[in-house]
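Below you'll find the structure, written out as structure tokens, and then a few comments.
Just so it is clear: chains get the letters A, B, ... in the order the sequence lines come, proteins before strands, and each one is counted from 1. Given the structure is predicted, the values throughout are model-derived calculations rather than measurements.
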Amino acid sequence: MVEIRLTNTKTRGKEAFAPIDPQNVRLYLCGPTVYDRAHLGNARPVVVIDVLVALLRHVYGVDHVTYVRNFTDVDDKINATALSRQQAGAPGTLEDLIRERTQETIGWYHADMDALGAARPDHEPRATDYIAQMITMIEKLIADGHAYARDGHALFRVRSYKDYGKLSGRSVDDMIAGARVEVAPFKEDPMDFVLWKPSDAELPGWDSPWGRGRPGWHIECSAMSYELLGESFDIHAGGIDLQFPHHENEIAQSACAHPHGDFARVWLHNEMLQVEGKKMAKSLGNFFTVRDLLDKRVPGEVIRFVLLSTHYRKPMDWTDEKARAAEDALWEWRVLTKGVEPAAEPDPRVIEALADDLNTAGAISVLYTLKDDPAKLLASARFLGLLRPDMGAWMTQDLAAIDSVSVPVADVLAGLTQQLTDLRIAAQESKDYAALDALKSALTEAGIEVRMSKTGVELVAGPRVDAQKLGTLL
RNA sequence: GGCGGGUUGGCGGAGAGGUUACGCAGCGGAUUGCAAAUCCGUGAAGACCGGUUCGAUUCCGGUACCCGCCUCCA
């Protein structure tokens with residue numbers, strides 16, 4: 001069996017992965033807070049974990065992996081939208097309206113992640129469907145002295161969990177000294193965090209032993225992972241920015257509520273994304289969503305390729321240049337594997353690279369060496385979620401535009417090939433190559449690759465065909 | 001201030017204590033009316049300063065610079 005090695009943030013080292021139950025390998029990925037379209041940074045863990053899940057299914061069996069990714073659908077930005085809709089006269093309770101708003105956002109999220117070729121998880125729990133379980137967990141924490149109720153709030157008592165700060169390498173005292181902590185009169189200790197907070201009439205809320213209110217951030221992941229994966233599971237993943245406080249707080253809650261469990265054994269954290277060497281931020285004007293890219297006709301497959309071309313634990317820089325290079329490689333491989341049946345198994349080097357702490361960049365580099373074996377190339381690329389039959393529509397998009405002048409694409413290229421052949425024969429007799437060269441460079445200009453050999457002329461569409469320019473040559 | 005990540009050839013980007021990464025671009029050749037494509041060949045690196053070692057780009061320490069988290073942002 002392939003030995004998978006993963007870098008575990010908890011132990012700060014690369015370790016051999018040994019599932020608790022090989023019949024049911026369990027993984028939890030922190031999903032999005034569904035207040036808006038997913039940005040490119042949101043897509044990185046999704047695509048990376050998609051590959052990990054494929055690897056786990058390959059090693060342990062398709063039916064022996066459980067992948068959970070949540071939707072956090074309680075959030076102040078969502079609340080604000082719901083409230084403004086209600087004030088604008090929308091019917092229904094606030095709880096109905098946030099449900100509506102988040103339903104819409106989840107639809108976008110699904111469409112965008114689908115476009116990147118990421119498989120849907122086995123479970124996609126929504127926080128608002130697990131309010132009761134969160135309340136149960138909080139009650140237990142209070143009963144056991146790990147949390148306390150105060151002024152309509154429930155708070156986690158950070159000092160009652162001795163390992164608090166271990167995951168992120170912080171100490172409670174240092175953090176308080178850093179003074180970047182919200183001071184609140186109802187907190188026993190400034191580091192204590194909110195498990196439950198009160199809602200007024202303008203906020204969605206649920207009945208609880210502490211009054212009408214809503215859960216704090218963090219508790220939803222603890223409650224949902226417990227419900228779906230149990231008190232001990234294998235892998236918990238997310239962006240490195242979640243390491244603190246989100247994951248630290250999850251660990252504290254879960255460890256105290258279920259002291260016999262291990263919670264997550266392996267913690268995987270992906271590094272952040274940059275754009276052209278800078279942090280992606282609205283203030284820098286370089287912020288964009290996955291949908292923005294798709295709308296700019298950057299194929300989902302190209303986005304996926306770029307996201308996988310940097311190791312997940314390194315900062316990933318999105319550049320237009322990388323997208324172009326990815327497009328060229330994918331185009332070439334798709335041409336090469338057209339009509340080819342994939343080999344039964346991917347190249348073992350691809351599996352090896354992935355098994356070594358998910359070295360997706362290394363795996364992609366193996367693909368470059370498989371040009372002589374298209375069947376193997378296809379099987380290997382598909383293992384990474386590339387060259388899938390359902391993701392190749394982008395290749396015909398540009399050519400399809402020519403059909404607007406009512407000429408089928410194939411006929412366009414056939415006609416031009418004939419034209420070029422005739423010109424060539426004439427030129428070879430007259431030794432006047434001017435007209436031939438003119439057509440040739442016009443074709444090249446339009447993104448068509450012109451191949452001329454002794455046996456004849458062949459026109460091959462490239463990744464950046466300019467349909468308009470080509471249209472003028474008809 | 002505390003914690004963490006990064007720095008590889010013109011560009012992107014991996015692995016490995018000593019042996020070619022790989023891709024793009026470049027250069028030389030074959031081929032071509034000229035190109036393109038293809039094929040063959042080829043130069044080019046490891047931020048800086050020390051240490052360990054027979055030998056380090058790879059391990060250790062320090063410096064510089066970049067980035068992230070500590071602010072419900074993956």
Under a 3.5 Å limit for both distances, which nucleotide forms a Watson-Crick or G-U wobble pair with [N], could you say?
N      : answer
A16(B) : none
C69(B) : G2(B)
U42(B) : G26(B)
A37(B) : none
U58(B) : none
A21(B) : none
U63(B) : A47(B)

What about Tyr28(A) and Trp267(A), are their ring centers closer than 6.0 Å? no

Counting only side-chain heavy atoms from C-beta out, which of [options] sits nearest to [X]?
X         : options                : value
Glu271(A) : C69(B), A74(B), G4(B)  : G4(B)
Glu332(A) : G23(B), U38(B), A74(B) : U38(B)
Asn42(A)  : C70(B), A74(B), A35(B) : A74(B)
Met452(A) : C70(B), A14(B), C34(B) : C34(B)

Would you kindly check whether a donor in the side chain of His269(A) faces an acceptor in the base of A74(B), or vice versa, at under 3.5 angstrom? no

Does a salt bridge link Arg304(A) with Asp50(A), judged by any charged N lying under 4.0 Å from a carboxylate O? yes

Determine, for Asp357(A) against Arg5(A), whether the closest basic-nitrogen to carboxylate-oxygen distance falls under 4.0 angstrom.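 Salt bridge between Asp357(A) and Arg5(A), a charged N being under 4.0 Å from a carboxylate O: no.
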
Base, sugar-phosphate or nothing for [X]? Non-hydrogen atoms, less than 4.0 Å.
X         : value
Asp76(A)  : base
Gln243(A) : nothing
Asp437(A) : base
Tyr433(A) : base
Thr319(A) : nothing
Gly238(A) : sugar-phosphate
Leu436(A) : base
His311(A) : sugar-phosphate
Asn359(A) : sugar-phosphate
Thr310(A) : sugar-phosphate
Leu29(A)  : nothing
Lys440(A) : base
Arg451(A) : base

In sequence, state the C-alpha distance, the side-chain angles, and the governing distance for His110(A) and Phe71(A), and then conclude on ring-ring contact (aromatic ring centres under 6.0 Å, His included). CA-CA 11 Å; His110(A) 276 148; Phe71(A) 284 118; 5.7 Å; yes

Could you tell me how far A14(B) sits from U52(B) if I compare only their C1' atoms? Round to whole Å. 26 Å

I'd like to know whether CD of Glu276(A) has more than 12 heavy-atom contacts from other residues, nucleotides or ligands below 6.0 angstrom. yes

Can you confirm if the NZ or CZ of Arg44(A) lies within 45° of the ring axis of Tyr312(A) and under 6.0 Å from the centre of its six-membered ring? no

